[in-house]
Every structure is written in C-alpha cells, then in structure tokens.
Amino acid sequence: MQLHFYKYQGTGNDFILIDNRKDFFKNDTKLISRLCDRKFGIGADGLILLQKPEEEADDFKMVYFNADGKQSSMCGNGGRCIVHFAKFLGIIEKEATFTAIDGKHLATVNPEDVKLQMQDIDEVSTLKNAYFVDSGSPHHIVFTENVQEIDVKANGSEIRYNNLYKKTGVNVNFVEQTGENKFYARTYERGVEDETLSCGTGVTAVAIAAFEAGLASKSTISIDTLGGNLQVSFEKEDKHYKNIWLSGPAEQVFKGEILC
C-alpha cells in the first residue's frame, strides 16, 4: 500500500496525519508503530486519523494512536493539529466541532494559533508531593525546582510504572514556576515512553493543578515547554473546572508518501 500522509507539529509534539474519510487505513498496531519509528519510518509521537463524522453536528472524527501503535486517550496538541489539518483540507473555515475518544470538542483556528476546548474537570487529586488530574489523559504532576536538570525519562518512567499506575500507566509532568501565572513543564508520555517536547493534555492538567494548589491566581495561565509556549484558560465553579481552552501554534511541516 502506498500511503499519503502529512506531518504536523504543535510546539514540538509531532504527528502523522492521515485523511481517512474513505476508511482505507485499517488499524494495525505494528504498522502504526513502524510509521512512528524515527529510524525505520516517518517518525512521530503519534498517528492521527481524520475520519468521517459519526454525529450529524460534527465536522469530522479524530482517532489517535500513540507511537507504540495502540489507540490512546485524548491528545491536546494532536487535537489542535487535526483542526489545522481539517482547515487545510477545506472541511472547516474558522471553527470546528469534532468527536474524539473523550467526547466532543470545539475549536477555532487562525494563522497564529489553534484553540481547542478541552473536557470539563471535576476532580483534582492530591497525592504525596504531587497531584493527579485527568484532562482527557491521566497526568501525575510534580511541582519542583531546577526542572531543566531532571532526567525526565528515568524519573518519569519510575513513576509511570510504579504500583499506583502500573495497570493503566500515566503521563508524568515535572513543573517549575517561573513567574506570576507562568510555569515551565517537561513531560514523560506513556505510549511514547520518553520525554516529548510538549504535551497538550499535560499543560492543561498542569494549569488546573497549579490553580488548585494556589500557585496561580488567574484563570489564564502561560506554560512553556521544550517545544514552545501554550496558554490554558478556564472557569472554576465550586470544585468544577469548565470552559477549558488550550491554545498555541500548529504547523504542517511536510507531506509525503510511504510504501507500507
């Protein structure tokens, strides 16, 4: 099979995008893993299928696979990239409605950034020296100092495979406060099993945890990652976080064909 693909990145979080509205690409864990391999394939943190909508109000459906080839939970940067891709394909103009594994999402796109509405968050769990937030994907968040000196792969893997998370896995975020309502985050992602340059659901979880911990005083928070800057805004009603928006750049890097 000759596969036509597009390569996207959102603050360094990179993805293979495939227009699968004709349903020609069938889920194949080994194939997806090979395509995402940086030495034997195209190379990416994950692969995303843009499929025909299953609900009348939607513009498309998003199906996301981690680099290990397994279908995974929501990917925030991937969600922003697929919205940019949908605009490129002429499916949408400035606004989008689509369904992913965690439910329905709204989004807006302009030349500067893509804004994606995330799912509401009803619970922030306080752990020993950490927080847990499910922002569409599960995240363990550690606020610390000297984040640049941390071995994210080693320390993240240790937490990801500990007794608390070993059954389902978890993404691990190491976070340093750099200013008022400003943070720097590094993320170990399950499924990639390494540090990625950015994580959209991760920075969303970090923003909510920072506000819950009293480290942030405003409901718009700026978070720097290795791949660039992302913004998270939200509203809080009692213990309920709603109207959560993740915004930042998304870019089509190249397109190509590969035999598989």
Side-chain angles (χ1 to χ4, degrees), residues 10-16 29-30 32-39 43-48 63-79 100-102 118-119 121 123-177 183-210 212-213 215 223-227 230 232 246:
T11 54
N13 211 184
D14 62 338
F15 309 97
I16 299 164
T29 300
K30 290 184 178 179
I32 294 170
S33 178
R34 183 168 67 84
L35 291 173
C36 291
D37 191 288
R38 298 189 185 278
K39 293 183 175 64
D45 291 329
L47 181 145
I48 306 173
V63 181
Y64 175 69
F65 301 87
N66 273 329
D68 61 4
K70 298 177 182 177
Q71 188 171 353
S72 187
S73 49
M74 181 57 184
C75 176
N77 284 329
I101 194 168
D102 64 337
M118 307 295 284
Q119 299 298 330
I121 295 172
E123 183 178 3
V124 178
S125 300
T126 303
L127 308 172
K128 183 179 180 180
N129 301 319
Y131 292 85
F132 176 84
V133 179
D134 191 328
S135 54
S137 287
H139 285 273
H140 180 97
I141 301 143
V142 180
F143 292 101
T144 186
E145 297 179 351
N146 302 317
V147 165
Q148 291 186 349
E149 299 176 8
I150 292 175
D151 186 335
V152 171
K153 183 174 182 179
N155 287 277
S157 178
E158 183 178 356
I159 295 170
R160 182 254 196 266
Y161 287 103
N162 70 17
N163 289 334
L164 182 62
Y165 299 120
K166 64 181 180 181
K167 285 187 177 181
T168 58
V170 75
N171 304 287
V172 185
N173 305 268
F174 300 96
V175 187
E176 181 176 358
Q177 184 159 16
F183 298 85
Y184 176 60
R186 295 177 65 187
T187 303
Y188 175 97
E189 285 199 49
R190 65 173 185 174
V192 179
E193 305 309 332
D194 203 346
E195 181 176 13
T196 56
L197 295 182
S198 177
C199 177
T201 57
V203 300
T204 301
V206 166
I208 300 302
E212 191 75 11
L215 299 175
I223 300 178
D224 289 316
T225 69
L226 290 172
L230 291 162
V232 179
L246 170 69

* **His140 vs Leu127, side-chain contact (heavy atoms from CB on, under 4.5 Å): CA-CA, chis, key distance, verdict** => CA-CA 9 Å; His140 180 97; Leu127 308 172; 3.7 Å; yes

* To do: Give the C-alpha distance, both sets of side-chain angles, the deciding distance and a yes or no for side-chain contact (heavy atoms from CB on, under 4.5 Å) between Val232 and Val203.
  => CA-CA 8 Å; Val232 179; Val203 300; 4.2 Å; yes

* Stepwise side-chain contact (heavy atoms from CB on, under 4.5 Å) check, Cys36 with Ile16 -> CA-CA 8 Å; Cys36 291; Ile16 299 164; 4.2 Å; yes

* **Derivation of the side-chain contact (heavy atoms from CB on, under 4.5 Å) call for Ile208 and Tyr131** => CA-CA 10 Å; Ile208 300 302; Tyr131 292 85; over 6 Å; no

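The line from CD1 of Ile101 to OG of Ser73 is 7.0 Å long, rounded to the nearest 0.5 Å. Here the CG-NZ distance, from Leu164 to Lys128, works out to 13.0 Å after rounding to the nearest 0.5 Å. Atom-to-atom distance recorded for Leu47:CG and Leu35:CG is 6.5 Å, nearest 0.5 angstrom. Atom NZ of residue Lys70 and atom CD1 of residue Ile32 lie 12.0 Å apart, to the nearest 0.5 angstrom.
Glu189 has its side chain within reach of Asn13: a pair of non-hydrogen atoms, C-beta onward, lies under 4.5 Å apart. For the pair Glu195/Tyr188, no side-chain contact is recorded, criterion being any heavy-atom separation below 4.5 Å from C-beta on.
Between Ala210 and Phe183, the shortest heavy-atom contact is CB-CZ, 3.6 Å. The shortest heavy-atom contact between Asn77 and Phe15 is C-CE1, 3.8 Å. Scanning both residues, Ala100 and Met74, for their nearest heavy atoms gives CB-SD, 3.7 Å. Taking both residues in full, the closest heavy atoms of Lys39 and Asp37 are given as N-OD1, 2.7 Å, listed atom of the first, atom of the second, then distance. Contact record, Val172 with Arg160: CG2-N, 4.1 Å, taken as the closest heavy-atom pair. For Ile48 against Tyr64, the heavy-atom pair with the smallest separation is CG1-CD1, 3.5 Å.
Checked by atom type and distance alone, the side chain of Glu176 pairs as donor or acceptor with a backbone atom of Val147 at under 3.5 Å. Judged purely by atom type and a 3.5 angstrom limit, Arg186 uses its side chain to pair as donor or acceptor with the backbone of Gln148. Although no hydrogens or angles enter the test, the distance criterion places a donor-acceptor pair under 3.5 Å between the side chain of Asn162 and the main chain of Tyr165. Remark: the backbone N or O of Cys75 is not paired with any side-chain donor or acceptor of Thr201 at under 3.5 angstrom. Proximity of a side-chain donor or acceptor of Asn171 to a complementary backbone N or O of His139 within less than 3.5 Å is not detected. Judged by distance alone, the side chain of Gln177 and the main-chain N or O of Leu215 form a donor-acceptor pair under 3.5 Å. A donor-acceptor contact shorter than 3.5 Å is absent between the side chain of Arg190 and the backbone of Asn66.
A donor-acceptor pair shorter than 3.5 Å cannot be found between the side chains of Ser33 and Asp68. Judged by distance alone, the side chains of Tyr161 and Glu193 do bring a donor and an acceptor atom under 3.5 Å apart. Checking Thr11 against Ser198 by side-chain atom types alone, a donor-acceptor pair falls below 3.5 Å.
A side-chain contact (heavy atoms from CB on, under 4.5 Å) with Phe174 holds for exactly one of Val206, Ile141, Ile159; it is Ile159. The side-chain hydrogen bond (donor to acceptor under 3.5 Å, both in side chains) test with Thr187 is passed by exactly one of Thr225, Thr196, Asn173: Asn173.
Between Arg38 and Asp45, at least one side-chain nitrogen of the basic residue sits less than 4.0 Å from a carboxylate oxygen of the acidic one, meeting the salt-bridge criterion.
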